[in-house]
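Hydrogens, waters and symmetry mates are skipped; everything else that's a heavy atom, side chains included, is used. In what follows, chains are A, B, ... by sequence order, proteins preceding strands, each numbered from 1.
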Amino acid sequence: MLLADIAAASEAVAAASARRDKIALLAACLRQASGTDAPVVAAWLSGRTFQRRTGLGWASLRSAPPPAVSPSLTVQMVDASLARASLLTGPGSSGERQQIVLELMTAATAPEQRLLTGLISGELRQGAAAGLIVDAVAKAAAVPLASVRRALAVHGDLPDVAAAALEGGEAALSAFQLSVGRALAPMLAAPAPELDAALAKTGPAGVEWKLDGVRVQIHRQGDEVAVFTRTLDDITARVPEVVRVVRELDVGQAILDGEVIAATASGRPAPFQVTSARVARRDVEKASAATPLSLTLFDALHVDGDDLIDRPGSGRRTRLEAAAPSLVVPRHVVEDPSEAEDVSRAQAFAADALARGHEGVVVKSLEAAYTMGRRGAGWVKVKPRITLDLVVLAAEWGHGRRTGKLSNLHLGARDPDGEYGPPGGFVMLGKTFKGLTDQMLAWQTERLQALAEREAKWVVHVRPELVVEIAFDGVQRSPRYPAGLALRFARVLAHRPDKSAAEADTITTVRGHHVVDDEAAAEAEETEQV
DNA sequence: TTCCGACAGTGGGGTCGCAAT
DNA sequence: ATTGCGACCCCACTATCGGAA
């Protein structure tokens, strides 16, 4: 099969707007992909390379040669090149990788170049990704959608599942079974603004602490333990504490779901940044000694021969408590969400979780099965939200459907005392593009252009006059912004043309929302004593 | 007919290790 | 020693389609 066939399909998919049209186009392309091509084509149509990591990215695409006139690249040739790039390492590897991209792009026609650029950058943006490919695979292989979904949920790898479906149909799909040691798509939680809204969605539920760490799925088979992240990355080697504590459990086989978080001396949870840095480190011995990890579990998908994914939440919890009594996350059960007292007790439990430094709570239906990879109504997360009035300092031109619109806003707080510049100025705390409707996007594009002071390639700097009401989850330490602080998950709630910049919040107010972790506090104390 | 679940898109901050400078 | 880059951690939110109610 030729790369040009995939490129043509991708262009057609991008041009179609109806989902069923996209699916039909994808299915037609998949049907043509036989044998060794099938898994690669499935990966590409979902916007990803077959290799999990290639070492290639935006930077390798900066100097594109003129496109070839006629197509010559085959699927196998391109996949072999990407595979070669993914294996390169050591001095000179960057140059060799660059050379591979150059060769591919030189041989590629214009549509093929667009496809390769999308795959290498990871931003194909054709209006179809893994979700629609699942539908397309079912259609192409003439098997029920549910069979493909189930196989993918327990196997986790789309190219494998697609190839099996196309080659062997339903029989091949049914061979994919939940198996200990093989990562499966974790269940996700939908957001809700308040606890009662969450309970309205779930019905009778367990309200659990939401820990601000890294999600882990742990497989134990005898003495063998494997640990996977939310994206099914294997991090076993980086979390020896987790391996150790799971080995001590009194179970032979298990698949467990939980969260790791860095422990602090005070017993309060470490900020996410600390946990994240610890889990990313490869010098495990040193890292583990300096920043030990603790494990908290909240679900069990398999215990000693029993698959639990189709059992109700309450049943899974019971099995978890029996298998790992010391590691189970604290929770409060609401038997009847229509009972006001029951709900207010849950609210007290949630308030206590926050007081202990946790991120919020997750409300989990007692009835719901473990819906792998879905963000269903079974689990609902509730986190507190902070709002401030900040000032727009600049805005960036958007991409894709936001082309021609000023999208990404640079946000600043007032700096009345001139700690970071002239008195009465502003100090930048981060950017956001979230929360904007098309109407708001149009309005701010016009308004900000009227305030424009100077324009660089992507950024329009403006007179600091437009106030925006911003919601965010918290203030974190920043190595990037001048105040050493940045907003976490900032989003726009509303433009406030009724307010003047002089009424915006100050950097002092922002600092008040910064929860300082133990280590940072100790460090600050040390430098003060010196 | 209206409502709502699932998807894709549009990007955010931080951190690490590695290769290039 | 510093810088740039890729790969992952954590994400929120809106628009759209199409099936469910």
Side-chain angles (χ1 to χ4, degrees), chain A residues 13-14 16-23 46-47 52-60 62 86 88-98 120-135 149 188 190-191 201 211-216 229-233 235 238 259-260 271-283 287 359 371 373-377 381 383 385 396 398-403 405 407-411 429-441 471-481 485-493:
Chain A
V13 167
S17 71
R19 284 217 243 280
R20 57 170 81 92
D21 293 345
K22 287 178 187 284
I23 291 167
S46 75
R52 192 181 174 102
R53 60 183 79 177
T54 58
L56 301 169
W58 276 113
S60 60
R62 273 199 289 242
S86 75
L88 288 170
T89 176
S93 59
S94 292
E96 286 182 63
R97 254 193 227 102
Q98 186 65 61
I120 289 171
S121 67
E123 296 184 359
L124 187 56
R125 302 201 198 292
Q126 60 177 3
L132 290 202
I133 306 304
V134 170
D135 285 68
R149 282 211 174 129
L188 306 172
K201 282 191 184 181
L211 304 177
D212 193 8
V214 171
R215 180 84 177 267
V216 285
T229 64
R230 198 165 86 77
T231 52
L232 312 188
D233 218 33
I235 55 163
R238 282 181 267 158
E259 191 96 358
V260 289
F272 172 74
Q273 284 164 301
V274 173
T275 300
S276 174
R278 161 66 173 88
V279 171
R281 281 177 65 173
R282 312 282 164 147
D283 56 336
E359 202 186 0
T371 47
R374 317 296 289 269
R375 212 178 277 282
K381 58 182 166 183
K383 297 192 280 185
R385 198 182 77 167
E396 296 174 15
H399 299 82
R401 70 185 303 280
R402 291 192 176 188
T403 300
K405 297 284 190 298
S407 170
N408 200 3
L409 302 177
H410 295 200
L411 306 170
L429 290 166
K431 310 178 190 179
T432 186
F433 56 91
K434 292 175 181 145
L436 298 162
T437 63
D438 288 358
Q439 207 177 359
M440 290 164 81
L441 221 40
F472 56 99
D473 279 22
V475 174
Q476 58 188 358
R477 207 152 53 148
S478 170
R480 178 183 320 211
Y481 292 109
L485 297 174
L487 306 180
R488 192 170 182 207
F489 309 143
R491 59 266 193 192
V492 178
L493 291 182

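Between A:Arg488 and B:dG12 there is no side-chain N or O to OP1 or OP2 distance below 4.0 Å. Here A:Gln273 reaches the OP1 or OP2 of B:dT15: one of its side-chain N or O atoms lies under 4.0 Å away. Residue A:Ser276 places none of its side-chain N or O atoms closer than 4.0 Å to OP1 or OP2 of B:dC16. Phosphate contact (OP1/OP2 of C:dC17, side-chain N/O of A:Lys22, threshold under 4.0 Å): absent. For A:Arg477, no side-chain nitrogen or oxygen approaches OP1 or OP2 of B:dG14 to under 4.0 Å. The side chain of A:His399 contributes an N or O atom lying less than 4.0 Å from OP1 or OP2 of B:dG11. For A:Lys405, no side-chain nitrogen or oxygen approaches OP1 or OP2 of B:dT10 to under 4.0 Å. Contact annotation: A:Arg230 does not reach the phosphate of C:dC9 (side-chain N/O to OP1 or OP2, under 4.0 Å). Contact annotation: A:Arg491 side-chain N/O to C:dT14 OP1/OP2 distance is not under 4.0 Å. Contact check, A:Thr89 against B:dA19: a side-chain N or O comes under 4.0 Å of OP1 or OP2. Remark: A:Thr437 is not in phosphate contact with C:dC13, judged by side-chain N or O atoms under 4.0 Å from OP1 or OP2. Taking only side-chain nitrogens and oxygens, A:Thr229 never comes nearer than 4.0 Å to OP1 or OP2 of C:dC8. Distances shown here put every side-chain N or O of A:Asn408 at or beyond 4.0 Å from the OP1 or OP2 atom of B:dT10.
Nearer to the 5' terminus of DNA chain B, by closest-nucleotide assignment, is the contact made by A:Leu485 (compared with the other of A:Gly95 and A:Leu485).
Contact annotation for A:Ala130: backbone-only contact, meaning every heavy-atom pair under 4.0 Å involves sugar-phosphate atoms and none involves a base. A:Pro479 comes within 4.0 angstrom of sugar-phosphate atoms only, judged by non-hydrogen atoms across all strands, and of no base.
As a whole-Å value, the separation of A:Asp212 CG from B:dG13 C1' is 13 Å. Going from atom CG of A:Leu56 over to atom P of B:dA19 covers 14 Å, rounded to whole Å. The distance between atom CG of A:Asp135 and atom P of C:dC17, rounded to the nearest whole Å, is 16 Å.
Nearest to the side-chain atoms of A:Phe433 among the listed nucleotides C:dC8, C:dA12, B:dG11 stands B:dG11. Closest to the side chain of A:Lys431, out of B:dC7, B:dG13, C:dC9, is B:dG13. Considering only the side chain of A:Ile235, C:dC9 comes nearest among B:dA20, C:dA7, C:dC9. Distances were taken from every side-chain heavy atom of A:Asp283 (C-beta onward) to each of B:dG17, B:dT10, B:dA20; the shortest belongs to B:dG17. The nucleotide whose nearest atom lies closest to any side-chain atom of A:Arg401 is, among C:dG18, C:dC10, C:dT16, C:dT16.
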